[in-house]
Amino acid sequence: MTIAAEKLEVIRQQVQDHLDHAEQHHLTPERERQLIAQITARLQQENAVLVAHYYTAPAIQALAEETGGCVSDSLEMARFGHDHAADTLIVAGVKFMGETAKILTPEKRVLMPTLEATCSLDLGCPIEEFAAFCDEHPDRQVVVYANTSAAVKARADWVVTSSIALNVAEHLADQGHKIIWAPDRHLGDYVRRQTGADILMWDGACIVHEEFKARGIADLKRVYPDAAVLVHPESPASVLELADRVGSTTQIIQSAVEMPNERFIVATDQGIFYKLQQQAPDKDFIIAPTAGNGATCRSCANCPWMAMNELETLATVFDRADNEIFVDPAVGEQAMVPLRRMLDFAATLKR
Ligand code: SF4
């Protein structure tokens with residue numbers, strides 16, 4: 001077992017303990033109302049804004065919207081936080097999202113409900129091993145996914161999100177560049193097949209998307225032949241082959257709105273159902289089957305780290321000393337280079 005895999009096992013156990021604890025502590029509707037009122041008041045007092053990812057709990061997404069914050073993917077969360085007038089950003093998501101917000105907006109205070117909320121892709125790409133890997137291949141452009149630490153971003157030439165991964169790879173391939181792709185091997189494999197780019201892959205994966213199973217989706221398609229299959233590209237190739245559309249979280253939501261189908265089988269974290277149902281209220285959404293009880297991740301189709309964002313931890317977010325995001329200014333400055341390159345490139349696509 002590699003160091004990264006050992007670390008992942010330890011953290012997976014911590015996450016499971018957290019989920020077991022959460023299962024036993026369901027909030028009553030009255031308690032939920034109290035917490036929401038408390039958080040809303042503190043956001044105003046502190047001139048803070050809540051920025052939440054699509055994979056967080058519905059109550060947190062609703063609270064972000066009701067208090068003038070945003071619910072989005074990691075790139076849009078960072079952009080929103082950067083442009084907003086608040087002094088403090090409360091990032092409900094996983095740690096790399098808080099770090100990205102801090103890199104883009106170093107003058108603001110960035111707090112998270114818990115800094116233990118991480119990501120298997122980030123954990124599986126420690127900077128020392130990754131930097132050594134890059135050093136062995138100096139002829140390649142280093143492209144890293146947003147789901148990485150600030151230090152890994154600082155070592156990269158490009159940062160990408162799933163929404164522009166194909167465009168960036170095409171752009172680099174057109175210029176004759178060879179690529180190192182990290183950390184998600186499924187996304188990298190998809191990009192390689194779609195663009196024909198020369199890609200050397202880092203071996204990482206998302207423990208949530210990796211559990212979707214092609215066989216289960218094919219069985220479900222037989223029951224609902226009219227359903228369109230929407231798949232996030234962190235899923236295995238066998239699952240992508242069954243997709244009517246492959247796309248980022250935002251692209252999945254757009255597809256559900258635009259496509260004429262009335263029913264969708266969705267292969268991504270089920271937190272996205274809040275937005276899907278909000279944006280396409282007359283349509284039906286079914287979560288794609290996972291490996292079930294035998295899976296390595298007990299909380300399949302529900303990221304265990306995203307689930308650590310709870311109303312109770314959010315209610316104390318201003319009062320603790322263990323939940324502020326700090327990024328070494330030199331690392332932040334270096335990471336800003338590929339992040340800025342991504343934002344500028346994304347802006348050219350919109351024109
Ligand atoms: S769903 Fe996967 S990629 Fe997203 S934060 Fe969780 S572990 Fe990371």
Side-chain angles (χ1 to χ4, degrees), residues 4-5 7-16 18-19 51-57 60-61 71-78 91-101 112-126 144-149 152-153 159-163 165 181-191 202-212 230-236 239-240 246-253 266-275 287-288 290-291 295-310:
K7 194 172 167 192
L8 181 56
E9 271 311 308
V10 170
I11 298 202
R12 222 178 243 178
Q13 190 52 53
Q14 286 174 348
V15 166
Q16 202 52 65
H18 168 87
L19 290 171
V51 186
H53 191 267
Y54 290 129
Y55 293 166
T56 54
I60 290 180
Q61 296 186 50
V71 178
S72 195
D73 57 25
S74 58
L75 175 59
E76 202 46 47
M77 285 167 71
V91 177
V94 295
K95 193 174 173 190
F96 77 83
M97 296 172 182
E99 285 188 343
T100 305
M112 297 189 71
T114 168
L115 299 190
E116 284 181 12
T118 179
C119 165
S120 61
L121 289 168
D122 186 352
L123 288 173
C125 192
V144 304
Y145 199 25
N147 303 35
T148 46
S149 65
V152 166
K153 288 185 178 77
V159 174
V160 295
T161 60
S162 48
S163 58
W181 190 275
D184 189 280
R185 65 172 181 274
H186 296 303
L187 176 64
D189 190 42
Y190 170 67
V191 167
W202 183 261
D203 189 16
C206 162
I207 61 166
V208 178
H209 290 88
E210 201 169 40
E211 296 297 346
F212 290 115
L230 307 177
V231 178
H232 193 282
E234 288 167 16
S235 309
V239 172
L240 296 180
V246 175
S248 66
T249 45
T250 300
Q251 289 162 343
I252 284 176
I253 294 164
V266 183
T268 194
D269 186 290
Q270 54 185 297
I272 204 171
F273 279 46
Y274 171 82
K275 264 287 165 200
I287 192 71
T290 61
T296 48
C297 166
R298 249 186 63 187
S299 55
C300 296
N302 190 3
C303 176
W305 292 297
M306 288 285 182
M308 287 182 158
N309 292 275
E310 297 170 329

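Read the numbers this way: they start at 1 and go in the same order the structure lists the ligands and their atoms.
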Side-chain donor or acceptor of Lys153 paired with backbone N/O of Thr148 under 3.5 Å: yes

Does a side-chain heavy-atom distance below 4.5 Å link Ser74 with Phe96? yes

Is there a donor-acceptor pair under 3.5 Å between the side chain of Trp181 and the backbone N or O of Leu187? no

Using side chain to side chain donor-acceptor pair (under 3.5 Å) as the criterion, list what pairs up with Gln61, not counting sequence neighbours. none

Neighbouring protein residues of ligand 1 - any heavy atom closer than 4.0 Å: Tyr55, Val94, Cys119, Ser120, Leu121, Asn147, Cys206, Val208, Glu234, Cys303, Trp305

For Ser120 and Ile207, indicate whether the former's side chain and the latter's backbone hold a donor-acceptor pair under 3.5 Å. yes

Thr249 vs Tyr55 side-chain heavy atoms within contact, under 4.5 Å: yes

